[in-house]
Amino acid sequence: MLKVGVIGTGMIGQDHIRRMTTVLAGVQVTAVTDVDTAVAASVGARIGAQVHASGSSVINSADVDAMVVCSWGPTHEEYVLAAIAAGKPVFCEKPLATTQEACLRIVDAEVASGRRLVQVGYMRRYDAEYRALKASLAAIGRPLMMHCAHRNASVPSFYAKEMAITDTAVHEIDMVRWLFEDEVAAIRVLVPRRSGNGGDLQDPLFVVMEMAGGVLVDVEISVNIRYGYDIRGEVVGENGTAALGNASLVTIRHGGVAADPVPADWRERFLRAYDVEFQEWIDSLAAGGGPVGPSAWDGYAAAAVSDAGVAALRTGSRVPVALAERPKLYGVEVAA
Ligand code: NAD
Ligand code: ISE
């Protein structure tokens, strides 16, 4: 039984705690903490976990074998570094950290520890539709382009302008690295007419990424689309196209209309992907090895592209991406 401590008991923290306590096997949540002490106390009482006053107290608890970090992005670096220092595996929600420099500090600490301890929560790699899309690429000839849409019904009040890149588009940044097993070479961010639903946010955005091998990827980022949570992706190959399905389990025909229900948010759309992601993480640790999913290097590479995206948004220009030298710990290619 893997004993897990959770830092951050907000939306995704509670969702991951629910899956670890009621869905998955081989895991027990023994400790929780949150700067919102009331929410941590209520979650801890509900699942019978010890409530700690700080993240470092959870990390250093003798009753914790591995960490799950679900607090806000700017706090990730401190907790991931502390887990590495304690020699404990750490699953960190995306983004690994909010700048590439912070991610490189994590990479350096992990390399110095001599083994992989960090996994980053890029769950699309575990999604059945994305896995089927990747498997279908061989059938459509050399990929040339990809069209994506990342639509949120709404975002929380703390969501700031640049989070459209650092918190939202970062999923597509990781996904295309994994899908095409290639790096992003440059990024542009175009700014369309502004939606009236987004307040001060520049919403939507149109992101264009150039892969090193020449594939061009466009991503519509809409974070106040109201009608639901809609994730789309279509690859155009030399001899055909392959697209994600519509994520709906049922089509309803009623009153002269055929309708596919749209998920409300990421919890519903990626429910099974998060389950698979966590079960594979738990199993990899139980097998005695380190984590095998998205690594600190993947977290760094996504952050390098996302930093370039933020610069592209500010300047309106095309920004090239240059990665640091990849340490041997992470192999030689983009992880498949
Ligand atoms: P949230 O605001 O609902 O929850 C975050 C929690 O962290 C809050 O309860 C907050 O009080 C707590 N917190 C903040 N600073 C802290 C600190 N220093 N120590 C301990 N607790 C602290 O936010 P959320 O939507 O759950 O997002 C949390 C993280 O998960 C973010 O990094 C976000 O990008 C990521 N996320 C990932 C996905 C995904 O699809 N993989 C979906 C949603 C959120
Ligand atoms: C959120 O943090 C997530 O990671 C969701 O998957 C994404 O769709 C949303 O835009 C982010 O804010």
Side-chain angles (χ1 to χ4, degrees), residues 4-8 54-61 64-123 125 162 165-167 170-171 173-178 181-187 212 277 281 284-285 288-311 319-336:
V4 163
V6 178
I7 297 178
S54 69
S56 77
S57 163
V58 177
I59 292 165
N60 294 305
S61 164
V64 166
D65 304 323
M67 290 300 308
V68 171
V69 175
C70 296
S71 46
W72 293 321
T75 69
H76 292 179
E77 179 188 6
E78 173 193 350
Y79 294 133
V80 173
L81 286 175
I84 294 171
K88 294 190 180 176
V90 51
F91 178 101
C92 179
E93 256 313 332
K94 43 65 57 178
L96 175 60
T98 44
T99 65
Q100 59 185 309
E101 290 78 16
C103 291
L104 271 182
R105 288 191 283 274
I106 292 172
V107 163
D108 288 347
E110 189 177 42
V111 168
S113 84
R115 62 191 169 118
R116 272 205 58 191
L117 290 166
V118 180
Q119 178 161 326
V120 188
Y122 284 118
M123 76 296 181
R125 297 175 180 222
E162 289 170 352
I165 308 291
T166 61
D167 204 58
V170 75
H171 280 290
I173 294 172
D174 178 71
M175 181 273 294
V176 293
R177 295 184 63 251
W178 164 81
E181 295 174 26
D182 194 10
E183 298 294 354
V184 177
I187 184 166
E277 170 189 54
W281 178 68
S284 69
L285 300 187
V292 294
S295 65
W297 180 261
D298 293 315
Y300 155 70
V305 180
S306 136
D307 280 0
V310 170
V319 179
V321 179
L323 295 182
E325 198 178 329
R326 186 187 181 95
K328 286 197 182 67
L329 182 66
Y330 306 106
V332 285
E333 302 289 346
V334 177

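A distance of 8.0 Å separates OG in S56 from CD1 in I7, rounded to the nearest 0.5 Å. The structure places CE of M123 at 4.0 Å from NE2 of H171, a figure rounded to the nearest 0.5 Å. A distance of 7.5 Å separates SG in C70 from NE2 in H76, rounded to the nearest 0.5 Å. We find the CD-CG distance between Q119 and D298 to be 9.5 Å, quoted to the nearest 0.5 Å. Note that OG1 of T98 is 13.5 Å distant from CH2 of W72, once rounded to the nearest 0.5 Å. Taking CZ of R105 as the start and CD1 of I84 as the end, the distance is 12.5 Å to the nearest 0.5 Å.
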*Quick one: do E110 and V80 satisfy side chain to side chain contact (heavy atoms under 4.5 Å, CB included)? Show the steps, please.*
CA-CA 10 Å; E110 189 177 42; V80 173; over 6 Å; no
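Of all heavy-atom pairs spanning K94 and G121, the tightest one is CG-O, 3.6 Å. The shortest non-hydrogen separation linking D65 to P89 is O-CD, 3.4 Å. Residues E77 and I106 come closest through the heavy atom pair CA-CD1, 4.0 Å. Closest of all the heavy-atom pairs between A322 and Y300 is O-OH, 4.1 Å. Residue A308 comes nearest to V321 through the heavy atom pair CB-CG2, 3.9 Å, listed as atom of the first residue, atom of the second, then distance. The two residues L329 and G114 have their closest heavy-atom pair at CD1-O, 4.2 Å.
Between P291 and F91, every side-chain heavy-atom pair lies at or beyond the 4.5 Å cut-off. The shortest distance between side-chain heavy atoms of V118 and S295 does not fall below 4.5 Å. Side chains of R177 and E183 form a contact here, defined as non-hydrogen atoms less than 4.5 Å apart.
The main-chain N or O of Q100 is found under 3.5 Å from a side-chain atom of D307 such that the two form a donor-acceptor pair. Using a distance-only test at 3.5 Å, with no hydrogens or angles considered, a donor-acceptor pair links the side chain of R115 to the main chain of G87. In this structure, R116 contributes its side chain and A296 its backbone to no donor-acceptor pair below 3.5 Å. For K88 (side chain) and V64 (main-chain N/O), a donor-acceptor pair under 3.5 Å exists by modelled atom type.
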